[in-house]
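Remember, it's 1-based here, ligands and their atoms both numbered in the order they're listed.
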Amino acid sequence: MNSKWQLIAGPCSAETREQVMETAKGLVSLQPSYFRAGIWKPRTRPGEFEGSGNPALEWMKEAKATYGLKICTEVATSQHVELALNAGFDMLWIGARTTTNPFSVQEIADALRGVDLPIMVKNPINPDLKLWVGAIERLYNVGVVDVSAIHRGFSVYEIAKYRNNPNWQIPIDLKQELPQLPLLCDPSHITGDASMLLEVAQKAIDLKYDGLMLETHCNPREAWTDAKQQVSPAELAELLAKLHFRDRREIEEAELLEFRAKINAMDEAIIHLLTERMFTSGLIGKFKKEHNLAILQKARWEELLVSNVDKAVKLNLSQEFSMQLFKLIHQESIHIQSQILNDKNHE
Ligand code: PEP
Ligand code: MN
C-alpha cells in the first residue's frame with residue numbers, strides 16, 4: 001500500500017455507545033485512515049432505525065479521544081455539517097441519496113465554505129456521471145480543496161448479483177474527467193453481502209483506486225442496519241490480508257486467465273449444444289424411418305444452410321467458417337440418421 005492509500009472502516013450506524021467503542025477498539029490495530037459511523041441514517045422507508053442522532057456525536061468523540069482514530073460521518077443537511085464540525089469530525093461524506101439532489105449538495109457546500117476539511121462524495125444512486133461530477137464541482141466552487149469520490153454502486157430494480165450495480169465504467173469515466181481526484185470504493189454497499197466483499201475490493205485495487213470504505217461492526221449479525229454486508233474487525237483484517245496489490249504484469253495475467261475461463265465455459269456450452277443438436281437429429285432419423293421418408297431432403301438442407309450462414313455472417317462470423325461449420329454439423333447429422341436407418345434395433 002502506498003502512503004495515500006486510505007482505509008475507512010466502522011459501522012454502518014452508530015447504535016449505542018458500547019457498540020461504537022467496541023468496534024473502534026477492534027479497529028485500532030488496523031490503523032484505518034478514518035473510523036466511520038452513520039449518525040443520521042437516510043432510510044428509504046420511514047419507520048426504520050434512522051440513526052442515533054446527537055448522542056452518537058458524543059460516542060464518536062469518545063472513540064476519537066480514547067483510540068486516537070480520526071472520525072467521519074455522513075452529512076445530508078447544513079445542520080448536520082454544523083453539528084459534525086462542532087464535534088470535531090475529521091472528514092465528512094455526502095451520501096448517495098443526497099448526491100442526487102443539487103439543492104441539498106449546494107446547501108452542504110455553502111455550510112462548508114471556508115472550512116478546511118476533507119470531504120468525500122458518494123456516487124448518486126442513479127447511474128449519472130454528471131450529477132456526481134456536479135456535486136464535486138459545487139464543493140470546489142466554495143473552496144473545498146480536499147475532495148474525494150466514493151464509488152458505492154448504482155440502484156437496481158431487478159434481482160441482480162449485487163445490491164448495487166458497480167457499473168465500473170462510470171468511476172473510470174470520472175477518473176478520466178478528473179484525473180487528480182482520489183477515488184475510493186465502498187464494496188459493502190456495492191455487494192450488500194459480506195461474502196462478496198473481497199472480489200469487489202480486489203477489483204478496485206486492480207483498477208488502482210485510492211482506498212476502500214468497508215462497513216465494520218463489533219457484532220455484524222446483530223447490526224441495526226445493513227447487517228448482511230458488515231464484517232467484524234477480525235474479518236476485516238482477514239479480508240485486507242487477502243487483498244493483493246498487484247503490479248501491471250500480474251493484473252494483465254489475471255485478466256488473461258479470466259478471458260480463458262470465459263472461453264472454457266463457452267466451449268463447454270458449445271459441446272452441450274452440439275450434443276443436444278445431434279440427439280434431436282437422431283429423433284428426426286427415427287421419425288423418418290417410421291414414416292419412410294428420405295434422410296437427405298436436399299431442398300430443406302440448402303435452405304437451412306443459406307439461412308444459417310446468412311445469420312452468422314450478419315453477426316460477424318466469416319462466410320467461409322460458417323459454411324464449413326454448418327456443413328460439418330449437417331454431415332454428422334446425416335451420419336447419425338443413416339446409422340439409425342441401418343440399425344436393426346430401431347426396426
Ligand atoms: C452508508 O455509508 O452507510 C450509506 C448510507 O451509504 P450510501 O449513501 O452509499 O447508501
Ligand atoms: Mn450502510
- Query: Does the pair H80 and E74 meet the rule for a side-chain hydrogen bond (donor to acceptor under 3.5 Å, both in side chains), with working shown?
  - Reply: CA-CA 8 Å; H80 294 164; E74 173 180 344; over 6 Å; no
- Task: Looking only at non-hydrogen atoms, find the nearest pair between V200 and P187 and report the distance.
- Result: CG1-CB, 3.8 Å
- Item | Contact partition for K41 relative to ligand 1, non-hydrogen atoms under 4.0 Å | side chain
- Message: Among all protein heavy atoms in this structure, tell me which lies nearest to atom 4 (C) of ligand 1, with the distance rounded to 0.1 Å.
- Response: H189 NE2, 3.5 Å
- Near C12, which atoms of ligand 1 are under 4.0 Å from a heavy atom of that residue? 3 (O)
- Item | Proximal ligand 1 atoms for G95, defined as those under 4.0 Å from one of its heavy atoms | 8 (O)
- Might you point out which heavy atoms bring C72 and I8 nearest each other, and give the distance in Å? SG-CG2, 3.9 Å
- Note on the structure: Between P220 and S232 the two heavy atoms that sit nearest each other are CG-N, 3.4 Å
- Message: For the aromatic rings, using the six-membered ring if either is Trp, is the centroid distance between H291 and F287 under 6.0 Å?
- Response: yes
- How close does the nearest protein non-hydrogen atom get to atom 9 (O) of ligand 1, and which residue and atom is it? R152 NE, 2.6 Å
- Query: Can you tell me if R36 has a non-hydrogen atom under 4.0 Å from ligand 1?
  - Reply: yes
- Could you tell me the angle subtended at the Mn ion (ligand 2) by NE2 of H189 and OE2 of E215, rounded to 10°? 90°
- Query: Can an N or O of D186 be found at a distance shorter than 3.5 Å from an N or O of ligand 1?
  - Reply: no
- Task: Using a strict cut-off of less than 4.0 Å between a Lys/Arg side-chain nitrogen and an Asp/Glu carboxylate oxygen, indicate whether K175 and D210 qualify as a salt bridge.
- Result: yes
- Note on the structure: Ranked by distance from atom 5 (C) of ligand 1, the top protein heavy atom is E74 OE1, 3.6 Å
- Measuring from the Mn ion (ligand 2), name the closest N, O or S atom belonging to D226. OD2
- Short list, please: which atoms of ligand 1 are under 4.0 Å from a heavy atom of R97? 7 (P), 8 (O), 10 (O)
- Identify, by atom number and element, the atoms of ligand 1 in contact range of W93, meaning under 4.0 Å from any of its heavy atoms. 2 (O)
- Strictly under 6.0 Å, is that where the ring centroids of F245 and W5 end up? yes
- Task: May I ask you to check whether A96 has an N/O atom sitting below 3.5 Å from an N/O atom of ligand 1?
- Result: yes
- To the nearest 0.5 Å, what is the distance between CD1 (I39) and CG (N54)? 8.5 Å
- Message: Do C12 and Q230 make a side-chain contact, defined as non-hydrogen atoms from C-beta onward lying under 4.5 Å apart?
- Response: yes
- Message: Suppose we measure from atom 6 (O) of ligand 1 to each protein heavy atom; which comes out shortest, and what is that distance?
- Response: K122 NZ, 3.0 Å
